[in-house]
2 protein chains.
Amino acid sequence: MPVELSASQALNLWHGVSLEQVRIDNRDLTLRQISILLHIYLVPPPHTVRGLAGILGVTKPVITRALDTMGDLGLVSRMRDERDKRNVIIKRTVNGALYLEKLGDLIIDQGRKLSI
Amino acid sequence: MPVELSASQALNLWHGVSLEQVRIDNRDLTLRQISILLHIYLVPPPHTVRGLAGILGVTKPVITRALDTMGDLGLVSRMRDERDKRNVIIKRTVNGALYLEKLGDLIIDQGRKLSI
DNA sequence: CAGGGTCGTTACGGAACCGTTACGTGATTC
DNA sequence: GAATCACGTAACGGTTCCGTAACGACCCTG
């Protein structure tokens, strides 16, 4: 069930959500961090540093740093893979789920406000 | 004509767009910068530094710096207000319009890919 | 069990952003 | 026309991010 948006609707939606997100969230995640967070929560696990780096087209340290930052914020956590101890498995957290739930509500609200 | 999204659709839309934007755009604008850019292009002028600062809930230097950065990228430009020379009027550019046009297309594409 | 390959992290110098403060210029008020 | 206010910017120290490179830990093959 695709969602058909006009150019005006698409940009107004993005505008409304970005604006509210800037106003509400003092944490100010970067676009990369948001991408990583959404990917972890929306795509079936397991998620590794290397895998995320490949998907986003960035280097591994970028992922490590983003996980450091979001880990401090309680949005994600990390565990060693016991089967292959070189790997790190990235796990979801309650806080992260709540954060994305709010973001989802925000998008839905802004979608309802659209016109034209 | 509001757009009704499910929670899953909303987050998947955001996910797809963020991911593509990270992969495509080496410039990596911050969420604040994107908000400012969208606001300038979607809301009728005139736009001033003070006005934008109030709308985004940030300090004036934040706006000045964002305009510096995006000005270097050719996405916006600035002109003195001749009627009140204390003011600076923020103007749109061809490059900025193109940038947002691509962003709009990206959002529309991702909307079409949604399911459930 | 030695060697090479893979994993994530750390170290490093550089760049960009932050908030606060101070400043220069222009408008306004008395 | 002097004092005051408004506007945008520059300067400051601090924080965070970047990309490259090097590192330790781990797996696997011969």
Side-chain angles (χ1 to χ4, degrees), chain A residues 18-19 21-37 39-40 45-92, chain B residues 18-19 21-40 45-92 99:
Chain A
S18 300
L19 204 55
Q21 191 70 6
V22 167
R23 281 212 275 225
I24 292 170
D25 191 4
N26 43 7
R27 284 174 278 204
D28 198 28
L29 297 185
T30 68
L31 198 60
R32 287 179 172 182
Q33 291 169 340
I34 293 172
S35 292
I36 294 169
L37 193 58
H39 197 81
I40 294 167
H47 301 291
T48 66
V49 172
R50 177 170 185 73
L52 288 172
I55 287 166
L56 271 77
V58 298
T59 57
K60 289 187 295 177
V62 167
I63 306 295
T64 294
R65 281 187 294 252
L67 294 177
D68 287 344
T69 303
M70 294 192 291
D72 290 344
L73 295 173
L75 300 177
V76 298
S77 70
R78 283 182 276 196
M79 297 184 60
R80 276 280 162 202
D81 183 351
E82 285 305 318
R83 294 186 305 176
D84 183 342
K85 291 188 180 171
R86 293 171 302 179
N87 283 342
V88 162
I89 305 293
I90 298 143
K91 315 267 292 183
R92 304 166 185 173
Chain B
S18 300
L19 203 56
Q21 191 69 7
V22 166
R23 280 212 277 224
I24 292 169
D25 192 3
N26 42 7
R27 283 174 278 202
D28 199 28
L29 298 185
T30 68
L31 198 60
R32 287 179 172 184
Q33 291 169 340
I34 293 172
S35 292
I36 294 169
L37 193 59
L38 281 164
H39 197 81
I40 293 167
H47 300 291
T48 65
V49 171
R50 177 170 182 74
L52 288 172
I55 288 166
L56 271 78
V58 298
T59 58
K60 290 187 295 178
V62 167
I63 305 295
T64 293
R65 280 187 295 253
L67 294 177
D68 287 344
T69 303
M70 294 193 289
D72 290 345
L73 295 174
L75 300 177
V76 298
S77 70
R78 281 182 278 196
M79 297 184 60
R80 275 278 162 205
D81 183 351
E82 285 306 318
R83 294 186 304 176
D84 183 341
K85 293 187 179 171
R86 293 172 302 179
N87 283 343
V88 162
I89 304 294
I90 298 143
K91 316 267 292 183
R92 303 167 185 172
Y99 183 88

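When reading the values below, keep in mind they use all heavy atoms of this one structure, side chains included, and skip hydrogens, waters and symmetry mates. Lettering of chains follows the sequences in order, A, B, ..., and the numbering in each one begins at 1.
Within 4.0 Å (heavy atoms only), K85(A) reaches sugar-phosphate atoms of the nucleic acid but no base atom. As judged by a 4.0 angstrom heavy-atom cut-off over every strand, V62(A) is placed among residues touching the sugar-phosphate backbone only.
Taking atom CG on L67(A) and atom P on dT9(C), their separation rounds to 7 Å, with Å as the unit. Regarding D84(B), its CG atom lies at a distance of 6 Å from the P atom of dT28(C), rounded to whole Å. If you measure from atom CG of L29(A) to atom P of dC17(C), you get 17 Å, rounded to the nearest angstrom. Rounded to an integer number of Å, the gap from M70(B) CE to dC17(C) C1' is 13 Å. As a whole-Å value, the separation of E82(A) CD from dG8(C) P is 15 Å. Distance, M79(B) CE to dG8(D) P: 15 Å, rounded to whole Å. Nucleotide dC17(C) holds its P atom 14 Å from the CG atom of L31(A), rounded to whole Å. The distance from atom CG of D68(B) to atom C1' of dC18(C) is 14 Å, rounded to the nearest whole Å.
Inter-residue side-chain proximity for T64(B) and L67(B) is flagged as unmet; no heavy-atom pair is nearer than 4.5 Å. With a 4.5 Å cut-off on side-chain heavy atoms, T48(B) and V88(B) do not count as touching. Residues T69(B) and Q33(B) have side chains in contact (heavy-atom distance under 4.5 Å, counting atoms from C-beta outward). Considering only heavy atoms from C-beta on, R80(A) stays 4.5 Å or farther from N87(A) through its side chain. Considering only heavy atoms from C-beta on, R78(A) comes within 4.5 Å of D68(A) through its side chain. Residues L29(A) and L31(B) form no side-chain contact, since every pair of their non-hydrogen atoms from C-beta on lies 4.5 Å or further apart.
For N87(A), no side-chain nitrogen or oxygen approaches OP1 or OP2 of dC26(D) to under 4.0 Å. Of the side-chain N and O atoms in T69(B), one or more sit less than 4.0 angstrom from OP1 or OP2 of dC17(C). Side-chain nitrogen and oxygen atoms of Q33(B) include at least one within less than 4.0 Å of the OP1 or OP2 phosphate oxygen of dC17(C). At dC18(D), one or more side-chain N or O atoms of R32(A) fall inside 4.0 Å of OP1 or OP2 (strictly under the cut-off). Contact between the side-chain N/O atoms of T64(B) and the OP1/OP2 oxygens of dG8(D) is not found at any separation under 4.0 Å. Considering only side-chain N and O atoms, R50(B) lies under 4.0 angstrom from the phosphate OP1 or OP2 of dC7(D). OP1 and OP2 of dG5(C) both lie 4.0 Å or more from every side-chain N or O belonging to R86(A). A close approach under 4.0 Å does not occur between any side-chain nitrogen or oxygen of R80(B) and OP1 or OP2 of dA27(C).
Checking V58(A) against D81(A), the closest nucleotide of DNA chain D that is more toward the 5' end is the one next to V58(A).
Out of dC17(C), dT9(C), dT25(C), the shortest distance to the side chain of K60(A) is found at dT9(C). Listed nucleotides: dT20(C), dC7(D), dC17(C). Nearest to the side chain of P61(B): dT20(C). You'll find that the side chain of T30(B) is closest to dC17(C), out of dT20(C), dC17(C), dT9(D).
The base of dG19(D) is paired with the side chain of R65(A) by a donor and an acceptor separated by under 3.5 Å.
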